Amino acid sequence: QVQLVESGGGLVQAGGSLRLSCAASGRTFSAYAMGWFRQAPGKEREFVVGISWSGGSTYYADSVKGRFTISRDNARIKNTVYLQMNSVKPEDTAVYYCAASASGTYYGGSYYLYDYWGQGTQVTVSS
């Protein structure tokens with residue numbers, strides 16, 4: 001069982017930066033692949049980026065490639081995955097969710113293959 005808590009959301013101007021964190025409880029965090037998704041009002045949930053259990057492999061949506069960076073710290077004292085958001089755009093406005101996949105090797109865009117979800121954190125980008 002993994003519990004996920006996102007933080008770091010807020011209001012940022014276009015072109016600015018923001019770093020989201022997702023803190024995980026549970027002793028097996030390092031075994032899980034992790035992903036970030038987002039959902040804007042009136043739109044479907046959208047995959048943003050995923051990272052393998054080791055952090056050695058990542059997969060980005062085209063819409064954020066080159067602007068966002070995912071990383072993770074598997075040290076038990078941290079158990080956190082990060083999303084560094086640079087050069088943000090108004091279209092990045094959404095609620096951002098982190099998710100954990102018990103299959104440590106799946107970190108793709110199919111949300112139904114993730115087993116645990118956080119409550120989300122709001123990111124608003126002003127133009």
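Please read all numbers here as calculations on a predicted model, not as lab measurements. Side-chain atoms are counted along with the backbone in the values below, which use heavy atoms only and exclude waters and symmetry mates.
Taken from CD in Gln1 to CG in Asp115, the straight-line distance is 10.0 Å, to the nearest 0.5 Å. Between the CG atom of Leu83 and the CH2 atom of Trp36 there is a distance of 6.0 Å, given to the nearest 0.5 Å. Taking CE from Met34 and OG from Ser71, the interatomic distance works out to 11.5 Å, rounded to the nearest 0.5 Å. A distance of 11.0 Å separates OH in Tyr32 from OG in Ser103, rounded to the nearest 0.5 Å. Taking OG1 from Thr69 and CE from Met85, the interatomic distance works out to 11.0 Å, rounded to the nearest 0.5 Å. Interatomic distance, CH2 of Trp117 versus OH of Tyr111, reported as 8.5 Å (0.5 Å rounding).
In terms of modelled atom types and a separation under 3.5 Å, the side chain of Ser52 and the main chain of Ser57 share a donor-acceptor contact. Here the side chain of Ser63 pairs no donor or acceptor atom with the backbone of Ala61 at under 3.5 angstrom. A donor-acceptor distance shorter than 3.5 angstrom exists from the side chain of Asn74 to the backbone of Trp53, with no hydrogens or angles considered. Side-chain atoms of Tyr114 come within 3.5 Å of backbone atoms of Gly108 as a donor-acceptor pair (strictly under, hydrogens ignored). A donor-acceptor pair is defined here as one N or O able to donate and one able to accept, closer than 3.5 Å; no such pair exists between the side chain of Glu6 and the backbone of Leu20.
Between Lys89 and Asp92 no salt bridge is recorded (no basic side-chain N to carboxylate O distance below 4.0 Å).
Tyr107 and Ile70 fall into different hydrophobic clusters, where Ile, Leu, Val, Met, Phe, Trp and Tyr are joined by side-chain heavy atoms under 4.5 Å apart, directly or via other members. In terms of hydrophobic clustering, with Ile, Leu, Val, Met, Phe, Trp and Tyr side chains grouped at heavy-atom distances under 4.5 Å, Phe47 and Leu113 are assigned to a common cluster. Val123 is connected to Val49 through a chain of hydrophobic side-chain contacts under 4.5 Å among Ile, Leu, Val, Met, Phe, Trp and Tyr, so both are in one cluster.
Applying the side-chain hydrogen bond (donor to acceptor under 3.5 Å, both in side chains) test to pairs two or more places apart or on separate chains, those with a residue in residues 93-102 are Arg38-Tyr96.
Listed by chain and residue number, nothing satisfies the salt bridge (Lys or Arg N to Asp or Glu O under 4.0 Å) test with Lys43 (two or more places apart in sequence, or in another chain).
With a 6.0 Å cutoff to the six-membered ring centre and a 45° limit on the axis angle, Arg72 counts as a cation-pi contact of Phe29.
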